[in-house]
Amino acid sequence: MTEPAALPRALESGRPEWRLVIHGGCGNLDHGLLDAETEKAARSGLEDALAAGTEILARGGNALDAVEATARILEDDPHFNAGRGSVLTYEGAIEMDAAIMEGRRLGAGAVNGVTATRNPISLARAVMDHSPHVFLSRGGADEYSRLRGLEQASQDYFETPERRHQLDELRRRGGEVFDIDVKYGTVGAVALDRYGHVAAATSTGGLTGKRWGRVGDSPVIGAGTYADDRAGAISTTGAGEYFLRIGVAHEICARIRFRQEAAGGADLPRSEAQAIADSVLAEVGGLGGAGGIILVTRRGDALFSFTTPGMYRGEASPAGRTVAIYADDPVGDAAA
Ligand code: ASP
């Protein structure tokens with residue numbers, strides 16, 4: 001993607017030159033639940049991911065490259081449910097989903113049920129950049145990955161002992177696919193670049209014990225992932241079956257656009273964007289689903305909303321960066 005020479009809205013007053021927001025999933029993350037080592041590793045994984053995206057955005061790179069690079073770091077980190085460390089299907093296999101979208105032309109790419117691509121987010125990007133399609137699935141997506149020459153990895157590379165243990169536990173307890181401990185480890189990144197463009201990326205192994213070719217919200221454009229320069233960019237995590245039915249990511253963007261239009265095109269104040277995100281998540285809750293979202297608005301606000309006790313998350317801008325896990329950890333503008 002070639003950057004335009006002008007910096008359209010980037011340097012308007014009060015707006016950060018660029019912004020990056022990430023999540024590494026949400027769940028029953030109460031203080032004291034994680035052992036110190038796991039917590040430290042998760043925080044440093046989030047830091048590394050922010051550093052990768054920051055490096056791109058700070059030197060004038062675009063939001064799309066930044067969210068892809070950020071998601072790749074989280075995919076490579078076995079602590080999160082994406083790429084290496086993905087959860088296992090009922091049969092004990094790895095089947096990964098990913099989606100990427102850019103808000104300038106509404107370009108999008110998505111893959112479902114990928115088994116051998118080391119970084120599924122880059123396969124989603126290849127679908128967007130090089131194929132005439134938006135969404136490739138299972139064997140066909142694997143084939144396209146090889147055709148594009150993307151790095152392949154064996155199932156052994158992706159599987160970790162912790163994920164095998166979780167599947168064994170789930171089967172022992174009766175095979176209920178929705179995590180009874182409420183732990184969702186999907187990863188996501190959203191960014192606004194200095195040219196005023198936004199992008200979103202989401203990558204996941206899905207839910208432990210999933211079967212029958214189950215597809216969650218993460219790779220579905222408009223459900224788990226959406227980006228539109230007119231509103232902002234969103235990535236979700238949580239019980240996908242509920243997010244799918246609300247079309248969460250697009251719903252939030254659409255409501256932001258409607259409100260902006262009603263206000264004569266003015267940017268939405270941060271508090272109003274937060275209220276929209278919270279109310280869409282409340283609808284998910286009304287159906288019985290828990291989860292969270294990250295949002296960067298077109299004016300560069302970094303917003304988080306989640307209905308679980310915690311969410312692995314972080315944000316970066318020229319003002320610095322913060323990572324957080326628990327609901328009461330300050331992050332983003334709240335940390336300033
Ligand atoms: N949303 C993902 C799915 O339903 C799971 C997650 O967020 O961890 O596949």
Side-chain angles (χ1 to χ4, degrees), residues 22-29 42 45-46 71 74-75 77-90 93-100 110-115 120-121 124 135 137-138 158 160 162-163 166-167 170 176-190 200-226 234-252 280-281 284-285 287-295 304-313 325:
I22 63 171
H23 72 78
C26 64
N28 272 344
L29 292 160
L46 294 169
L74 294 168
E75 286 177 338
D77 187 325
H79 293 95
F80 302 100
N81 171 19
R84 181 153 177 256
S86 282
V87 298
L88 301 178
T89 67
Y90 192 77
I94 302 276
E95 294 180 359
M96 300 167 287
D97 301 338
I100 197 161
V111 290
N112 146 252
V114 171
T115 62
I121 199 65
F135 204 161
S137 175
R138 305 181 75 79
F158 297 109
T160 61
E162 167 75 5
R163 297 306 188 196
Q166 285 169 359
L167 177 63
L170 182 126
E176 172 55 53
V177 77
F178 290 106
D179 195 329
I180 44 182
D181 297 329
V182 196
K183 268 191 252 99
Y184 300 105
T186 291
V187 308
V190 296
T202 312
S203 184
T204 187
L207 297 182
T208 302
K210 66 182 183 177
R211 60 204 299 203
W212 306 307
R214 178 263 184 191
V215 186
D217 60 323
S218 309
V220 177
I221 300 300
T225 308
Y226 204 74
I234 289 152
S235 171
T236 71
T237 174
E241 278 66 8
Y242 301 91
F243 284 71
L244 275 167
R245 286 147 65 195
I246 305 274
V248 167
H250 185 271
E251 177 75 14
I252 292 172
V280 174
L281 260 197
V284 172
L287 294 181
I293 66 116
I294 53 170
L295 160 66
F304 304 86
S305 185
F306 48 99
T307 59
T308 49
M311 178 161 79
Y312 294 106
R313 62 201 188 280
I325 298 178

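We count ligands from 1, going down the list as the structure has it; atoms in each ligand are counted the same way. Side chains included, hydrogens not; waters and symmetry mates left out as well; all remaining heavy atoms used. Nothing here was measured: the structure is a model prediction, and the numbers come from that model.
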Check the side chains of Glu75 and Ser203 for a donor-acceptor pair under 3.5 angstrom, ignoring hydrogens and angles. yes
Checking the N or O distance criterion of under 3.5 Å, is ligand 1 in contact with Gly185? yes
Should Ser218 be listed as contacting ligand 1, given a heavy-atom distance under 4.0 Å as the test? yes
Check whether any side-chain heavy atom of Thr160 lies under 4.5 Å from a side-chain heavy atom of His79, and answer yes or no. no
For a quick test of reading the model, state the closest non-hydrogen atom pair linking Met311 to Thr237 and the distance between them. SD-CG2, 3.9 Å
Can Arg214 and Glu241 be said to form a salt bridge (charged side-chain N to carboxylate O under 4.0 Å, His left out), step by step? CA-CA 10 Å; Arg214 178 263 184 191; Glu241 278 66 8; 2.7 Å; yes
Heavy atoms only: give me the nearest Leu295-Val190 pair and the separation to one decimal. C-CG2, 4.1 Å
Does any N/O atom on Gly238 come nearer than 3.5 Å to any N/O atom on ligand 1? yes
Indicate yes or no: does an N/O atom of Gly240 lie under 3.5 Å from an N/O atom of ligand 1? yes
Run down the list Met96, His23, Arg214 and name the one with the heavy atom closest to atom 9 (O) of ligand 1. Arg214
Which option wins on minimum heavy-atom distance to atom 3 (C) of ligand 1: Asp217, Asn112, Thr204? Asp217
Does one side chain, of Asn112 or Ser137, offer a donor that lies under 3.5 Å from an acceptor on the other? yes
Sub-4.0 Å atoms of ligand 1 with respect to non-hydrogen atoms of Thr237: 6 (C), 7 (O), 8 (O)
Decide whether an N or O pair under 3.5 Å exists between Thr186 and ligand 1. yes
